[in-house]
S.K.: 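Can you keep this structure in mind? I'll have questions shortly.
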Amino acid sequence: MSLAISEAWKYQILTYPNPAVGCVVLDKNGKILSVAAHKKAGSLHAEPSAILMALCELSPDFLRNFLNAYNLKFNTDFSDIDCVELLEPNFTYDFILKNHQNLLKDAKAYVTLEPCSHHGKTPPCATLLSALKFKEVVIACSDENKIASGGAQILKNADISVKMGVCKTEANTLLEPFLSWQGGNFSFLKVAMSTNGVATGGLISNELSRAHMHLLRSVCDLLVVGGNTVRIDRPTLDTRLMGNQKSPNVLIYSKSQKFDKTIPLFGVKNRSVKISNELSNLDARLIMFEGAQSFLELAKARKLADVKWLLIYQSSEFKEGKNIELSLKTDPLFSLKFGGNTLWWARIR
């Protein structure tokens, strides 16, 4: 289950408005066949992703037949399933149902969230697990959403053994953003800093970290940035490193309404830019604050629109400049390497 949770963390927030979910599939002898996660809304859920990978691991013929059928159907030239988030979910789901040949009969799955029971943009995961005749499904936490819940009962009705509550605390932490934006809003603060704690003076994190951050921007409803940062750095705050996907609306937090409108962020298409000295009652479900010292101070004082989580990109390099000066206690939640950089998710105490 820890493997499933760690895999899901890699796509935290990127699945908005869906939850981050991970799944591990083992064969009937207990050998791990696949570790997968839901990567973005509208793409394959964690369970069919892991099942597809497991079937391809067990049978080169299944992999070849799937790729041939998929490329013919969608006029693509995929040579592997590494791009699982790009696969059309309904076609993939149906292909698995029709061609699994009972390869996963008596297999076992570990899932961080109760498999869904409803047919939304993607088919129900609980039904797929049942059709493939899994022997056991271990679930970290139940789905309290009335629309999607009921998967465990579907599995039990198919004589599949169901075990609930394994690593429940860790899985609930993984779900915190999802539960928050379902209830109204989730806000987090992103900070990029050098090894010695400098967070100003141009680029700090490497391109891999910046690409990940641009991907996060593409799913956020609102990006909040300080007025001084805008005036000094003249940023674009777009998603250009990810092929110019949707760029978020921007709120500039500033007492003064005067800004040079040639600053690139004002020229991004299909974007609303507002300037305000007020940070309460922000009308957005998913908000990313980008800043450092001043926003950290506001977050510590609980004056930053309910920000409870930090996302820190830490460079492996030292940098000249003023260090962040702040006493702030946090609880680390997850870390991930991006080349020489480290991504940290942490909760403010």
S.K.: Find out if a path of hydrophobic residues (ILVMFWY) with successive side-chain heavy-atom gaps under 4.5 Å connects M213 to V191.
M.R.: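 Different clusters: M213 never reaches V191 through Ile, Leu, Val, Met, Phe, Trp or Tyr contacts under 4.5 Å.
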S.K.: State, yes or no, whether a side-chain contact exists between I51 and H100 at a heavy-atom distance under 4.5 Å.
M.R.: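 No, too far: nothing below the 4.5 Å cut-off.
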S.K.: Is the Y16 ring parallel, tilted or perpendicular to the W181 ring (thresholds 30°, 60°)?
M.R.: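 Y16 vs W181 ring planes: perpendicular.
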S.K.: Will you find, in the side chains of K40 and T15, an N or O donor that is under 3.5 Å from an N or O acceptor?
M.R.: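 No, no side-chain donor-acceptor pair sits under 3.5 Å.
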S.K.: Is the closest basic N to carboxylate O distance between D238 and R271 below 4.0 Å?
M.R.: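 Judged by the 4.0 Å cut-off on N to carboxylate O distance, D238 and R271 do not form a salt bridge.
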S.K.: Any donor-acceptor pair under 3.5 Å linking the side chain of R210 with the backbone of S205?
M.R.: yes
S.K.: Can any side-chain N or O of N185 pair as donor or acceptor with the backbone N or O of A284 at less than 3.5 Å?
M.R.: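 Between the backbone of A284 and the side chain of N185 there is a qualifying donor-acceptor contact (under 3.5 Å).
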S.K.: Can you tell me how far CG of L216 sits from CE of M288, rounded to the nearest 0.5 angstrom?
M.R.: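 If we round to the nearest 0.5 Å, M288:CE and L216:CG are 5.5 Å apart.
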S.K.: Is the closest side-chain donor-acceptor distance between S209 and N206 under 3.5 Å?
M.R.: yes
S.K.: Would you find more than 12 non-hydrogen atoms of other residues, nucleotides or ligands less than 6.0 Å from E207 atom CD?
M.R.: no
S.K.: Under 4.5 Å between side-chain heavy atoms, hopping through other hydrophobics if needed: is there a path connecting W345 to L3?
M.R.: yes
S.K.: Kindly determine whether E47 and L128 satisfy side chain to side chain contact (heavy atoms under 4.5 Å, CB included), including the steps that lead there.
M.R.: CA-CA 9 Å; E47 298 94 322; L128 183 63; 5.8 Å; no
S.K.: Do you reckon I287 sits in the same ILVMFWY cluster as L251, going by side-chain contacts under 4.5 Å, direct or chained?
M.R.: yes
S.K.: I'd like to know if E290 and R217 make a salt bridge, using a cut-off of under 4.0 Å between side-chain N and carboxylate O.
M.R.: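 Salt bridge: yes.
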S.K.: Which pair of non-hydrogen atoms, one from T112 and one from A20, has the smallest distance, and what is that distance?
M.R.: OG1-O, 4.3 Å
S.K.: Going by an N to O cut-off under 4.0 Å, is there a salt bridge joining E88 and K73?
M.R.: no
S.K.: For Q257, does the CD atom have more than 12 heavy-atom neighbours from other residues, nucleotides or ligands under 6.0 Å away?
M.R.: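 Atom CD in Q257 is packed in, count exceeds 12.
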S.K.: Please indicate whether D331 has more than 12 foreign heavy atoms, meaning atoms of other residues, nucleotides or ligands, lying under 6.0 Å from its CG.
M.R.: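 Correct, the count exceeds 12.
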S.K.: Should we count NZ of K105 as having more than 12 external heavy atoms under 6.0 Å?
M.R.: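 Atom NZ in K105 is not crowded, with 12 or fewer foreign heavy atoms closer than 6.0 Å.
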S.K.: Quick one: does N71's side chain have a donor or acceptor within less than 3.5 Å of a partner on F78's backbone?
M.R.: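 Answer holds: yes.
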S.K.: Using only atom types and a distance under 3.5 Å, with no angle test, would you say the side chain of N249 pairs donor to acceptor with the backbone of S272?
M.R.: yes
S.K.: Give a yes or no on whether the backbone of A126 and the side-chain of S130 come within a donor-acceptor separation of less than 3.5 Å.
M.R.: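 Answer holds: yes.
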S.K.: Measuring only between side-chain heavy atoms, which start at C-beta, is E170 closer than 4.5 Å to M1?
M.R.: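 SC-SC contact between E170 and M1 ruled out.
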S.K.: Mind telling me whether W309 and F186 have parallel, tilted or perpendicular rings, with 30° and 60° as the class edges?
M.R.: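 Judged by the thresholds at 30° and 60°, the geometry between F186 and W309 is perpendicular.
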S.K.: So, the side chain of E317 versus the backbone of S194: is there a donor-acceptor pair under 3.5 Å, distance only?
M.R.: no
S.K.: State whether the number of non-hydrogen atoms from other residues, nucleotides or ligands found under 6.0 Å of N270 atom CG is greater than 12.
M.R.: no
S.K.: Would you mind reporting whether L87 and F74 have side-chain heavy atoms less than 4.5 Å apart?
M.R.: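 A side-chain contact under 4.5 Å is absent here.
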S.K.: Keeping N341 on the side-chain end and Y313 on the backbone end, is there a donor-acceptor pair under 3.5 Å?
M.R.: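 Absent.
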S.K.: Is it true that a side-chain atom of D260 and a backbone atom of T262 form a donor plus acceptor pair closer than 3.5 Å?
M.R.: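 Side chain of D260 to backbone of T262, a donor-acceptor pair under 3.5 Å: yes, one is there.
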S.K.: Return the orientation label for the F91 and F66 ring planes: parallel under 30°, perpendicular over 60°, tilted otherwise.
M.R.: tilted
S.K.: What distance do L333 atom CG and E176 atom CD have between them, rounded to the nearest 0.5 Å?
M.R.: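 Rounded to the nearest 0.5 Å, the CG-CD separation comes to 7.5 Å.
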S.K.: For the pair K135 and K28, evaluate side chain to side chain contact (heavy atoms under 4.5 Å, CB included) and give the outcome as yes or no after the intermediate values.
M.R.: CA-CA 8 Å; K135 183 177 182 179; K28 62 183 179 182; over 6 Å; no
S.K.: Can you tell me if T195 uses its side chain to pair, donor with acceptor, with the backbone of F318 under 3.5 Å?
M.R.: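 Checking the backbone N and O of F318 against the side chain of T195, no donor-acceptor pair under 3.5 Å is found.
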S.K.: Before giving the answer on side chain to side chain contact (heavy atoms under 4.5 Å, CB included), spell out for L326 and E297 the whole-Å C-alpha distance, their side-chain angles and the decisive distance to 0.1 Å.
M.R.: CA-CA 7 Å; L326 185 74; E297 290 172 354; 3.7 Å; yes
S.K.: Does atom CG (N68) have a neighbourhood of more than 12 heavy atoms from anything else shown, all under 6.0 Å?
M.R.: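 Yes, enclosed.
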S.K.: May I ask you to decide if the ring planes of F62 and F95 are parallel, tilted or perpendicular, using 30° and 60° as cut-offs?
M.R.: perpendicular
S.K.: What class does the angle between the rings of F295 and F289 fall in, given that below 30° is parallel, 30 to 60° is tilted and above 60° is perpendicular?
M.R.: perpendicular
S.K.: Take a 6.0 Å sphere around NZ of K319 and say whether it holds more than 12 heavy atoms from other residues, nucleotides or ligands.
M.R.: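 Yes.
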S.K.: For A152, does its backbone N or O pair with a side-chain atom of E114 as donor and acceptor, under 3.5 Å?
M.R.: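 Answer holds: yes.
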